[in-house]
Structures are given as structure tokens and as C-alpha cells.
Amino acid sequence: MTAAPVTARAGANIALVKYWGKRDLALNLPAAGSVSITLDGLETESRLVADAALNQDELSLNGRPADAERIGRVLDLMRELAGGGPFCRVESRNNFPTGAGLASSASAFAALVVAAARLFGLDLPHDRLSELARRGSGSAARSIFGGFVEMHSGMQADGSDCVAAPLLAADEWPLEVVVAITDSGAKKVGSTDGMLRTMDTSPYYRSWVDSVAEDVAAAGRAIAGRDFEQLAEVSESSALKMHASVLAARPGLIYWNGASVSCMHCVRALREQGIGVFFTIDAGPQIKAICEPGNAARVGAELESVPGVENVLYTGLGEGARVIS
Ligand code: DP6
């Protein structure tokens, strides 16, 4: 246990094979595995201050007070592991739009558990940190690691093997990422609620879940072999299949806007011209274009000119969550 404040930093991640659906709500166990890349430019920095005067955890998000319930539950688990510990003030800052389908909960919970482990004096291996981050948000389990990451769906009822693991370091295949922001406002139906609705009502949900393991294996092979074309094929397919299942929920969820669709066509047209790029899209209207090294400038220039694109962000692959002070 240290009395000094701890600050940790973690990158957002983008799933190439999507996580969408849960097999256990209480433990937040995903229904299937997933594969992602951790980003270096889109980060959350979380500063934790232990305060014996508090009677519950407090959160500020980008300088404004926010609901601390979800982080409080994860901090409770960690206090239990440490045999007790004080409540904390958590100051969390994102350097990218929050709640707009850019996976801010992933970087936030990854930074939180890494900082809290240090603050509470818990010397935990990465897979245990990943398990704790998962309790906050499924995708956060992956942001513990850098580069290319696989989330294992696991077999154990207690979720102890439902953790992420690194596949390839960022510098071993330095893909570039261009994010086309088509609407920077917060999304209307968050991923947790969207998943629950899909699980309850989409006639395609079961076949979606049944198809994921094969995609995870194909993405793993593509990454091991640095096979961009194969990765492009399986990643676009996974994103579109996830959205097909989401669109078929009742009422159907349409996370896309017109510019999202135009960006998908733009990326497909570039690929037909021989440029190594593919798209993916999450629970919001932004399009993420994953580029072979050297292609980001060209892809970004094209996406900037798509009507409805407000802004374009450039980033690459980054490290896993770490304490910075
Ligand atoms: C579309 O990790 O936000 O980004 O576990 O309920 O917090 P919870 O869900 P979350 O879902 C992410 C969904 C996704 C796909 C992905 O990142 O794999």
C-alpha cells in the first residue's frame, strides 16, 4: 500500500474480430473470443488518490464529476484482494472523444486497474490485471496488452481463464490507423445495452456467436503470417456480421450514419486500387481504417474528403497499460 497518488496510462483498442454478447452478466464473461489492436495516440490517463476521508470512490472524467458506480465495483474487487484499502478519487482524462464508439471504457478500465494494483500494493501478473479490467468492461481486458491481442473466451465458470493475451508486439507489424470521425457526440445506445438487446431479440445472435471462434483463429493466422489481405477479409467480415446481428435486434440498432457508409465504400474503393487498407466499425458511427505501413496519409486524405467526415485522427499501434508515476 502506498500513500502517494498513482497515475497510469492505457491506450484504446480496436477489435478486428468483435466482442458482442456475454455468457455471464455478473462476471462480465464474453460469449466468444475477440482479437484487437491497442492504439498509441488515443489514451486515457488515470490518477488515483487514496483518501481516508471518503466513504465511497469518486470519479472525475475529463475534469467533470461522473458516476463512479462501475469503477467502484472494480475497486471493491481489488480492495478485497488486498485485504482492504481506502476509497479513492479517480481523475480520468481521455485525449479523444468519449462515448462515441472509440472504446473509451477499454482504456479507462485498463488504466484504472493498473494504477489501483500499484496503489493497493498488489503485485499481479498481466492475466490477473486483464481479468480485473474485464469486470469493468469486456474490451478493457485487451488494453492491458500492447500490439495485437487475443481475448480468450475461456471455459471456467469463474472466468479465471477469460483473459486477454498478446499475439504480436506493436513494432513487429506496425500497421497504421486512421479514424474518420463522422459524429463526435456521445452514442445513444452504449455497447453494454446494445449487446443485451441483441442477445435478447436478434434472431441472428446465435449464429453470430457460433461463427466467432473461426474468425479468431483466422485472424490469429493472418497476424502470425503478417498476411494483410487475410486480416482485411476476416476483420471486415466480423464487423459487418456483428452489425447485421445488431441491425436485426428489436428495435434494430443503427450505429451507422450516412458518412459511415460512404467511408466504408471509400475504403473498399482504395483497396480495389491496390492500397492495403480495410475498415472496421464499433458501437458508434466512426470508421476506423486499418492501413498497411506507409498508407495512412493517402487513406486519410481520401477519408477527409468524404462528405460528413468531421475530422480524421491518425494513430498507430501502442503499448499496453502501464504506471507512469
Ligand atoms: C463493439 O467492452 O464496451 O467495441 O463489456 O459491456 O463494457 P462491456 O462492453 P464493451 O464492448 C465493446 C464492443 C465493441 C467490440 C469490441 O471492442 O470488441
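Counting starts at 1 for both ligands and their atoms, following the listed order.
With a 4.0 Å heavy-atom cut-off, ligand 1 is reached by no atom of Arg134. When heavy-atom distances to ligand 1 are checked against a 4.0 Å cut-off, Asn13 has no atom that comes that close, whether in backbone or side chain. Proximity of Ser191 to ligand 1, defined as any heavy-atom pair under 4.0 Å, is confined to the side chain (atoms from C-beta onward).
At a 3.5 angstrom cut-off on N or O pairs, Tyr19 counts as close to ligand 1. Polar contact with ligand 1: absent for Lys18 (N/O pair, distance under 3.5 Å).
Between the side chains of Ser245 and Trp20, no donor N or O sits under 3.5 Å from an acceptor N or O. For the residue pair Ser260 / Asn257, a side-chain donor-acceptor distance below 3.5 Å is found, with atom types taken as modelled.
A search for ring pair (Phe, Tyr, Trp, His ring centres under 6.0 Å) contacts involving His152 returns nothing, not counting sequence neighbours.
The heavy-atom pair separating Val261 from Trp256 by the smallest distance is CG2-CE3, 3.8 Å. The two residues Asn13 and Thr38 make their nearest non-hydrogen contact at CB-CA, 3.9 Å.
Atom CD of Glu80 has 12 or fewer heavy atoms from other residues, nucleotides or ligands within 6.0 Å. Residue Glu229 places its CD atom among 12 or fewer non-hydrogen atoms of other residues, nucleotides or ligands, all under 6.0 Å distant.
Set against the non-hydrogen atoms of Thr192, the atoms of ligand 1 under 4.0 Å away are 6 (O), 7 (O), 8 (P). Every atom of ligand 1 is numbered from 1 in the order shown, and the set under 4.0 Å from a heavy atom of Gly138 is 2 (O), 5 (O), 7 (O), 8 (P). Near Met195, meaning under 4.0 Å from one of its heavy atoms, ligand 1 places the atoms 9 (O), 11 (O), 13 (C). Near Ala15, meaning under 4.0 Å from one of its heavy atoms, ligand 1 places the atoms 16 (C), 17 (O), 18 (O). For ligand 1 and Ser105, the ligand atoms under 4.0 Å from any heavy atom of the residue are 3 (O). Short contacts between ligand 1 and Ser139, defined as distances under 4.0 Å to a heavy atom of the residue, involve ligand atoms 2 (O), 3 (O), 10 (P), 17 (O). Distances below 4.0 Å separate heavy atoms of Asp282 from the following atoms of ligand 1: 1 (C), 4 (O), 14 (C), 15 (C). Shown in contact with Asn28 at under 4.0 Å from a heavy atom are these atoms of ligand 1, numbered in order with element: 5 (O).
No side-chain donor-acceptor contact under 3.5 Å links Asp57 to the backbone of Phe87.
Hydrophobic cluster of Leu27: the remaining members, joined at side-chain heavy-atom separations below 4.5 Å, are Leu29, listed by chain and number.
Ligand 1 has Lys22 within reach: a non-hydrogen atom of the residue lies less than 4.0 Å from it.
For the residues Arg70, Arg142, Met151, the heavy atom positioned nearest atom 7 (O) of ligand 1 is part of Arg70.
Ring geometry for His243 against Tyr255 counts as perpendicular: the plane angle is over 60°, on a 0 to 90° scale with 30° as the lower cut.
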